[in-house]
Amino acid sequence: MSNTSAAKTPEPASHSGPLDWRILVKWLHKDGVISADEAKRIHTRCAQAESVQHPMVRLASVSVRRLSDDRALDIEQLTQWLAQRVGLDYLRIDPLKVDVGKVADSMSAAYAERHKILPVQLTSTHIVIATVEPFITDWVSEVERQAKRS
């Protein structure tokens with residue numbers, strides 16, 4: 001996602017708990033990614049019914065229009081924006097390049113699914129975990145203890 005002169009510098013996100021599409025729309029507008037009219041359109045569209053989709057997937061499915069060029073943001077662009085906003089590194093996960101055997105040793109599939117996390121890289125001192133919920137971190141200390149890595 002490219003920056004434009006109209007885009008504002010994001011403030012660090014202050015949030016706790018699971019992501020919600022409403023807060024994401026608010027941040028997108030505050031960061032200058034979408035217009036006030038676009039925020040209203042998305043709110044109207046998403047408020048019509050509850051959804052079990054992850055909020056990022058839901059936003060991508062309603063074709064969020066970028067202020068700078070009126071193009072729809074796909075899930076990849078939305079994820080890159082969110083990673084930057086919350087101060088996390090963005091990593092595009094290629095399932096074919098994940099060493100499943102190595103990372104599977106760090107936690108069970110049931111644990112990963114329950115916490116919505118995925119171990120994607122393991123070194124002798126670190127474990128890299130991808131998450132769909134950047135504000136839920138209660139699993140971190142347990143993973144570090146179990147994996148014997150930070």
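Hydrophobic clustering keeps L118 apart from L122 (ILVMFWY residues linked when any side-chain heavy atoms are closer than 4.5 Å, directly or through intermediates). Hydrophobic clustering (ILVMFWY, side-chain heavy atoms < 4.5 Å, transitive): V132 and L28 are in distinct clusters. In terms of hydrophobic clustering, with Ile, Leu, Val, Met, Phe, Trp and Tyr side chains grouped at heavy-atom distances under 4.5 Å, L88 and F135 are assigned to a common cluster. Hydrophobic clustering (side-chain heavy atoms under 4.5 Å, transitive across Ile, Leu, Val, Met, Phe, Trp, Tyr) groups V86 together with V25.
Between I136 and P18, the closest side-chain pair of non-hydrogen atoms falls below 4.5 Å. A heavy-atom distance below 4.5 Å is not found between the side chains of H43 and K26. Contact of the V143 side chain with the S106 side chain is not registered, since no non-hydrogen atoms from C-beta on lie closer than 4.5 Å. L73 is not listed as a side-chain neighbour of W81, based on a closest heavy-atom distance of 4.5 Å or more. The side-chain heavy atoms of H54 and E133, taken from C-beta on, include a pair separated by under 4.5 Å. Within the 4.5 Å cutoff, no side-chain heavy atoms of L67 are placed close to those of V33.
With hydrogens and angles ignored, the 3.5 Å screen pairs no side-chain donor or acceptor of T137 with any backbone N or O of V140. In terms of modelled atom types and a separation under 3.5 Å, the side chain of R58 and the main chain of M56 share no donor-acceptor contact. Looking only at distances, a side-chain donor or acceptor of D94 sits under 3.5 Å from a matching main-chain atom of L96. Formation of a donor-acceptor pair under 3.5 Å by the R71 side chain with backbone atoms of R66 is not found in this model. Without hydrogens or angle criteria, H115 side chain to I117 main chain gives no donor-acceptor distance under 3.5 Å. Remark: side-chain polar atoms of E113 are not paired, donor with acceptor, to backbone N or O of A110 under 3.5 angstrom.
Within a 6.0 Å sphere centred on CZ of R22, heavy atoms belonging to other residues, nucleotides or ligands number more than 12.
Under the side-chain contact (heavy atoms from CB on, under 4.5 Å) criterion, A72 pairs with S63, R65, sequence neighbours left out. In this structure D89 satisfies the salt bridge (charged side-chain N to carboxylate O under 4.0 Å, His left out) test with no other residue, sequence neighbours excluded.
With values rounded to the nearest 0.5 angstrom, D31 atom CG is found 8.0 Å from Q84 atom CD. Rounded to the nearest 0.5 angstrom, D74 CG and Q77 CD are separated by 4.0 Å. Of the inter-residue distances, the one linking Q53 atom CD with L59 atom CG reads 9.5 Å to the nearest 0.5 angstrom. We find the CZ-OG distance between R41 and S35 to be 9.0 Å, quoted to the nearest 0.5 Å. The structure places NZ of K116 at 9.5 Å from CG of L19, a figure rounded to the nearest 0.5 Å. Going from atom CD1 of I129 over to atom CD1 of I127 covers 3.5 Å, rounded to the nearest 0.5 Å.
Annotation for V120 and I93: closest pair CG1-CD1, 3.7 Å, computed over non-hydrogen atoms. In terms of heavy atoms, I75 sits closest to V57 at CD1-N, 3.7 Å.
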Applying side-chain contact (heavy atoms from CB on, under 4.5 Å) to E142 and M107, what does each step give before you reach the verdict? CA-CA 10 Å; E142 184 176 351; M107 73 182 62; over 6 Å; no

Intermediate values then yes/no, side-chain contact (heavy atoms from CB on, under 4.5 Å), V62 and R45: CA-CA 8 Å; V62 298; R45 182 110 184 255; 3.8 Å; yes

Is there a side-chain hydrogen bond (donor to acceptor under 3.5 Å, both in side chains) between Y111 and Q146? Walk through the geometry before answering. CA-CA 12 Å; Y111 185 87; Q146 291 292 324; over 6 Å; no

